[in-house]
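Worksheet: the structure to be examined is printed underneath.
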Amino acid sequence: MGRLRHCFIIRSPHGNSRICIKAEGFLELQKYLDKHHKGGRVAVISDTNVAGIYHDRIKSALPEADIFVTEAGEKSKTMKVAEALCADLLEAGFTRKDVVVGLGGGMITDLAGFVASVYMRGVPFIAMPTTLLAMIDAAVGGKTGVNLGAKNIIGTFYPAEAVLVDQAFLKTLPEREMKTGMAEAIKYATILDASLERDLIANQPDLRPILEKSIAAKVQVCNEDLKESGLRKVLNFGHTFGHAIEYLSRYKLTHGEAISIGMVLANKIAQKLGRQSKAHGDRISEMLKKHGLPTEVPKYIKLKEVIEMVYRDKKMDGQKVTFILSLGMGQHKIVKLTPDELMKMLK
Ligand code: ADP
Ligand code: ZN
């Protein structure tokens, strides 16, 4: 492969966000803070699992840092927890000169980013993603948020000053969480970067190019369309169905498992519309299976329910819903369909 790219920049009206893939993440964090926030205090926000494993390493890299730990799991991504974190920061005397570091998966980078964006009208934020999903998706692109019934109903655009990606964190990540991240990498291969396919189907996939190409794809889309008015929509490939399936499984399926099935359904539609060859759809399914991801709607969920749910989705535009299709590896197309059209195609 070509030269490795270590750093990427997303430009936005809120300032630039620098995403760097580097070994020795804590050392990088130390160096970054020394260079850009000398004298500032540091609040590390993490969850029980991540802090449980990395507490001593945080302390040895940043002996003066305050560590705030929330319960692991999506249930902590709420206004209540965000408010409690703000109260903790206030009580500990944090000011706008200080820095918030989010150390964890997407749940933590969304929550800590949200807290950083509202505490005292915004304090500097650094993301240290520890799941594959957060490294290649959630922590990149400036979206923060907490849930209110549905996911991410309350949130802000608040790009992290720096996103420090150290793949060594993935050594302790449970296998199922690793697979969920792979589903997003497969998404990038399918709609944005055909060259990722080779990395993903390798017998012993090398994570480095997968991280780099996935981040590059997301960065490129965000630089063209930060606030999802146009191109950023393509990142929803597999997600319109995926979100419905994730919800209808009562979150028994992970995000990645649900979007894996969602991508297969989107391929079915593309084939019915004559926009995708069966061979291409099969190639994508093979990639998903290779990474242990499901490709069929589980028996306990009815397809009709999925379709009904899709049309209740917040992204509804009149009667039609937008779907992203993959025409060939790395190529996308946006189409709009009514519920009847969709029902006929998926029968
Ligand atoms: P996502 O990144 O998929 O949004 P979460 O933030 O909910 O997911 O993280 C998924 C699970 O993995 C959580 O239980 C979290 O505590 C745990 N976790 C995150 N990073 C690591 C890691 N590097 N090692 C072990 N467990 C981790
Ligand atoms: Zn996703």
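Worth saying up front: this structure is predicted, and the values here are computed from it rather than measured. Note that ligands are numbered from 1 as they come in the structure, with each ligand's atoms numbered from 1 the same way.
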SB check [X] [Y] (cutoff 4.0 Å):
X: Glu286; Y: Arg283; value: no
X: Glu257; Y: Arg176; value: yes
X: Asp282; Y: Lys278; value: yes
X: Glu83; Y: Lys80; value: no

Could you tell me whether the side chain of Lys272 and the main chain of Met345 form a donor-acceptor pair under 3.5 Å?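 Yes; at least one donor-acceptor contact below 3.5 Å.
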Does Asn223 reach the main-chain N or O of Arg11 with its side chain, forming a donor-acceptor pair under 3.5 Å?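 Checked: pair present.
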For residues Ser12 and Pro159, report the shortest heavy-atom separation together with the two atoms involved.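 Where Ser12 meets Pro159 most closely, the heavy atoms are OG-CG, 3.5 Å.
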Centroid separation under 6.0 Å, is that true for the rings of Phe125 and Phe114?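 Aromatic pair excluded; centres sit 6.0 Å or further apart.
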Answer with yes or no after comparing the ring centroid distance for Phe237 and Phe323 against a 6.0 Å cut-off, counting only values under it. no
I'd like a table of the close N/O pairs between ligand 1 and the protein (anything under 3.5 Å), one pair per line with both atom names and the distance.
residue: ligand 1; atom: 2 (O); partner: Gly106; partner atom: N; Å: 2.7
residue: ligand 1; atom: 2 (O); partner: Thr131; partner atom: OG1; Å: 2.7
residue: ligand 1; atom: 4 (O); partner: Gly106; partner atom: N; Å: 3.3
residue: ligand 1; atom: 6 (O); partner: Gly106; partner atom: N; Å: 3.2
residue: ligand 1; atom: 6 (O); partner: Met107; partner atom: N; Å: 3.1
residue: ligand 1; atom: 14 (O); partner: Asn49; partner atom: ND2; Å: 2.9
residue: ligand 1; atom: 16 (O); partner: Asp47; partner atom: OD1; Å: 3.2
residue: ligand 1; atom: 16 (O); partner: Asp47; partner atom: OD2; Å: 2.7
residue: ligand 1; atom: 16 (O); partner: Asn49; partner atom: ND2; Å: 2.9
residue: ligand 1; atom: 20 (N); partner: Thr130; partner atom: O; Å: 3.4
residue: ligand 1; atom: 20 (N); partner: Thr130; partner atom: OG1; Å: 2.7
residue: ligand 1; atom: 23 (N); partner: Thr130; partner atom: O; Å: 3.0
residue: ligand 1; atom: 23 (N); partner: Phe169; partner atom: O; Å: 2.9
residue: ligand 1; atom: 23 (N); partner: Thr172; partner atom: OG1; Å: 3.4
residue: ligand 1; atom: 24 (N); partner: Thr172; partner atom: O; Å: 3.2
residue: ligand 1; atom: 24 (N); partner: Thr172; partner atom: OG1; Å: 2.7

With a cut-off of 2.8 Å, how many protein N, O or S atoms neighbour the Zn ion (ligand 2)?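 My tally for this metal is 3.
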